[in-house]
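Scroll down for the structure; my scribbles are underneath it.
Letters go in sequence order (proteins before strands), and every chain restarts at 1. Just so you know, these numbers come straight off a predicted model, no measurement behind them.
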Amino acid sequence: MSEPPQKRSKMAEAGPSTPVHNPYLDHRPQNGYASGANGVGAANGGGKVKNPLNGLVPRKVSVQQCKDIMDGDVNPFKGLVPFTPNYRKILEQRKGLPVYQKMQEFLTVFSENQITVMEGQTGSGKTTQIPQFVCYSDLPMLRGKMVACTQPRRVAAMSVAKRVADEMDVQLGKQVGYSIRFEDMTETGTTFLKYMTDGMLLREAMNDPELSRYSTIILDEAHERTLATDILMGLLKDIAKNRADLKIVVMSATLDVGKFQRYFGDNAPGGLAPVVKVSGRTFPVETFFTQEPETDYVEAAIRTVLFIHQAEDEGDVLLFLTGEEEIEDACRKIRAEGEELSGKGMAGPLLVVPLYSSLPPHQQQRIFDAAPPPRADKLPGRKIVISTNIAETSLTIDGIVYVVDPGFCKQKVYNPRIRVESLLVTPISKASAMQRAGRAGRTRPGKCFRLYTEKDFVKELEEQTHPEILRSNLANTVLELIKLGIKDLVHFDYMDAPAPETIMRALELLHYLAALDDEGGLTPLGEIMAEFPLDPQLAKMLIVSPEFGCSNEMLSLTAMLSVPNVFMRPANQRKEADMAKAQFTHPDGDHLTMLNVYHAYKSAATNEGDAKNFCWQNYLNARSLAQADNVRTQLKRSMEKFDLELVSTAFEDKNYWNNIRQALTCGFFMQVAHKEGERGSYLTVKDNQVVRLHLSCGLSTTPEWVIYNEFVLTTANFIRTVTEVRPEWLMEYAPQYFDPSTFPANSETRRALERVVKKRSDKSGGTGADGVEKKKKKRKADK
DNA sequence: GGGTCTACC
């Protein structure tokens with residue numbers, strides 16, 4: 001073996017604390033590293049093999065020292081066992097990645113700064129390589145620390161961790177692992193590089209506000225600006241002030257890296273955090289615009305796809321549309337037109353494949369099928385994928401050469417004034433348009449057809465998509481922030497601050513749910529609510545449910561309400577699907593129907609095959625139900641953790657369903673609508689929005705008072721997943737919210753509430769104690 | 001008559 005690396009290190013010589021030997025290595029036995037079977041002594045055959053880490057000073061490791069580790073004979077992270085041939089094969093590939101050329105620059109910036117911004121285009125290799133460079137330099141294992149790298153998506157966290165484990169020649173779940181909801185593939189004391197979802201790191205911060213187990217935190221895909229990443233950025237900026245030992249790397253793909261530099265540059269020279277840029281490895285994409293704006297983008301898109309099929313060279317097409325119905329419709333039309341063209345001998349055969357998230361996995365897989373072979377007359381076959389935004393970031397399809405971009409997508413928007421989150425078809429941003437175009441150049445040069453004018457692109461499209469934090473109801477986020485110890489939510493250092501009204505709405509909700517006290521701190525109930533991975537309303541109804549003797553049922557219901565819709569309704573079998581649903585329908589409300597479905601599923605599904613069969617026969621989404629079951633298990637563990645009783649009322653008891661509806665009321669009393677007039681029209685309480693019951697609603701009558709799970713804004717205002725409630729419950733469990741004197745005089749809602757007050761005082765001669773308290777006493781008395 | 005972008009805990 002060559003001379004000890006530190007003698008060659010210019011970097012180490014430059015540092016003030018250049019040691020003769022590495023002081024950190026003296027601590028190995030204490031911090032659990034290199035002990036037992038993985039230990040240095042176990043594999044090095046009597047100390048003849050030198051540890052490549054000897055003499056390295058964490059965070060002052062030079063590029064040469066890094067390369068010595070990578071090119072060495074033994075794996076210093078795995079008990080000095082020799083590297084495998086596979087390791088060397090992958091290493092050669094790694095050396096070809098653009099980011100490898102930036103190792104020197106990255107290590108220098110990383111060594112000298114607390115916060116580093118990394119701009120890397122797709123295909124640069126930053127997601128796999130930068131965390132490894134950080135590990136070589138940071139050497140977290142020598143101090144019992146970890147490097148975290150966050151991802152917006154679970155699959156990414158899993159697949160990248162697997163790849164990096166291979167690259168580092170270690171077993172996944174040992175030195176390199178991942179942590180996502182439902183799955184922790186890490187080993188305490190062994191794992192030093194952990195890929196995880198951003199939401200998972202945020203959860204960890206709730207119990208470890210300094211994130212003290214990490215020496216470096218890498219936020220990847222920060223340009224996506226997920227809610228969790230945005231909150232983490234604010235937190236990390238704050239934590240970094242108190243933890244000089246914490247390093248932060250923010251990785252982004254877009255050109256708008258200046259915003260990250262400014263945000264993280266408070267203490268940097270010129271107010272800009274240092275940036276390292278690395279280009280990607282993609283092929284050029286030629287972009288075309290229309291001359292005139294299109295009036296009907298779906299029609300224009302279909303026309304363009306057929307034009308490409310007839311006029312362009314071989315290569316698959318990706319068309320972006322906004323939703324399931326639009327996509328299925330376009331698929332049918334393109335298939336029909338394609339067959340006609342093919343029949344006339346004007347074009348080759350087509351394979352048209354839809355892609356959206358609610359599609360069952362085996363159908364999603366079809367996007368990877370090969371294009372049909374050419375016909376006898378040599379006209380090439382072609383695959384057309386018609387997709388939602390899922391193909392923009394989450395799924396990559398190789399072989400796409402042509403992208404058709406009508407310029408729209410469905411986006412969540414939140415209106416705090418009426419407290420409604422809805423999906424709207426909106427123009428995409430420039431950044432999104434660039435991302436879509438890039439999908440054409442992954443395997444060879446491609447073309448992107450934009451169905452809007454260049455002028456509109458330049459003048460009308462926003463630079464970036466509005467970050468999620470500006471488009472969401474923040475009830476959940478605000479609860480998390482308070483749990484994280486953030487006192488002043490309005491002045492928290494957001495990269496983009498949400499509207500104060502949005503925060504106010506969240507605080508108001510939490511206050512009414514009794515999660516917050518008058519000083520804005522968490523109540524004991526609020527503390528528990530924050531621990532549940534649920535919206536506050538759902539958490540509340542679950543936590544109070546033991547008082548109503550129905551916590552087993554509420555576990556099932558909250559799980560069902562936390563997963564995508566379980567009812568399937570294929571376009572050509574709507575009648576059959578509706579009939580199947582009717583078997584489960586409870587006349588008093590959709591929440592109760594969902595519970596019926598869950599119970600039927602559980603009794604039918606004793607094994608996986610039966611479960612799938614039951615779902616198939618009843619037009620139910622097997623994936624959703626399996627997910628609900630998974631969620632339920634997790635929630636049940638939380639219930640047990642907080643000693644919340646798991647109880648049921650006997651099914652024969654006349655209060656079985658009422659108890660469930662009352663617990664529901666405790667969580668959702670702010671989502672109540674009151675019937676106005678006889679034409680099936682409702683008015684939401686306080687916000688006074690005119691709404692109608694959604695078509696999917698299974699109520700047998702139109703009750704005077706209903707609780708709804710969702711407000712949907714499509715062709716009109718609808719409320720979805722609706723259950724009848726009694727006004728007595730509203731006034732008993734949410735006396736403040738339903739105090740008649742807080743409603744406008746002469747409003748129909750106020751008069752209805754006053755009638756209830758009168759009826760109650762006639763009956764009992766008084767108002768009585770707080771509802772939940774009374775209920776508690778009643779249950780105690782029952783025992 | 002009317003019906004679900006994508007993720008995450």
Expressed in angstrom and rounded to an integer, what is the separation of [X] atom [atom1] from [N] atom [atom2]?
X: A/Gln627; N: B/dA7; atom1: CD; atom2: C1'; result: 11 Å
X: A/Gln634; N: B/dC9; atom1: CD; atom2: P; result: 9 Å
X: A/Gln151; N: B/dC9; atom1: CD; atom2: P; result: 12 Å
X: A/Ile469; N: B/dA7; atom1: CD1; atom2: C1'; result: 15 Å
X: A/Asp198; N: B/dA7; atom1: CG; atom2: C1'; result: 9 Å
X: A/Met196; N: B/dA7; atom1: CE; atom2: C1'; result: 17 Å
X: A/Glu204; N: B/dC8; atom1: CD; atom2: P; result: 16 Å
X: A/Ile231; N: B/dA7; atom1: CD1; atom2: C1'; result: 16 Å

| message | Over all strands shown, is A/Ile180 touching base, sugar-phosphate only, or nothing at heavy-atom distances under 4.0 angstrom? | response |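 Sugar-phosphate contact only - A/Ile180 comes under 4.0 Å of backbone atoms but never of a base.
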
| query | What nucleic acid atoms does A/Arg203 come within less than 4.0 Å of, heavy atoms only: base, sugar-phosphate, or nothing? | reply |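 A/Arg203: base contact, heavy atoms under 4.0 Å.
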
| field | Contact state string [nucleotides 1-6 of chain B, B base, S sugar-phosphate only, - no protein heavy atom under 4.0 Å] | value | BBBBBS

| Test log, rule salt bridge (Lys or Arg N to Asp or Glu O under 4.0 Å), inputs A/Glu463 and A/Lys259 | CA-CA 12 Å; A/Glu463 291 297 323; A/Lys259 186 161 184 169; over 6 Å; no

| message | Check this for me: does any side-chain nitrogen of one of A/Lys636 and A/Glu640 sit under 4.0 Å from a carboxylate oxygen of the other? | response |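 Counted as a salt bridge, because a side-chain N and a carboxylate O are separated by less than 4.0 Å.
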
| query | Do we see a donor-acceptor contact under 3.5 Å between the side chains of A/Tyr178 and A/Gln151? | reply | no

| query | When you look at CD of A/Gln583, are more than 12 heavy atoms from neighbouring residues, nucleotides or ligands closer to it than 6.0 Å? | reply | yes

| Quick check: are there more than 12 heavy atoms from other residues, nucleotides or ligands sitting under 6.0 Å from NE2 of A/His586? | yes

| query | side chain to side chain donor-acceptor pair (under 3.5 Å) with A/Arg569: which residues, sequence neighbours excluded? | reply |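 Residues passing side chain to side chain donor-acceptor pair (under 3.5 Å) with A/Arg569: A/Asp578.
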
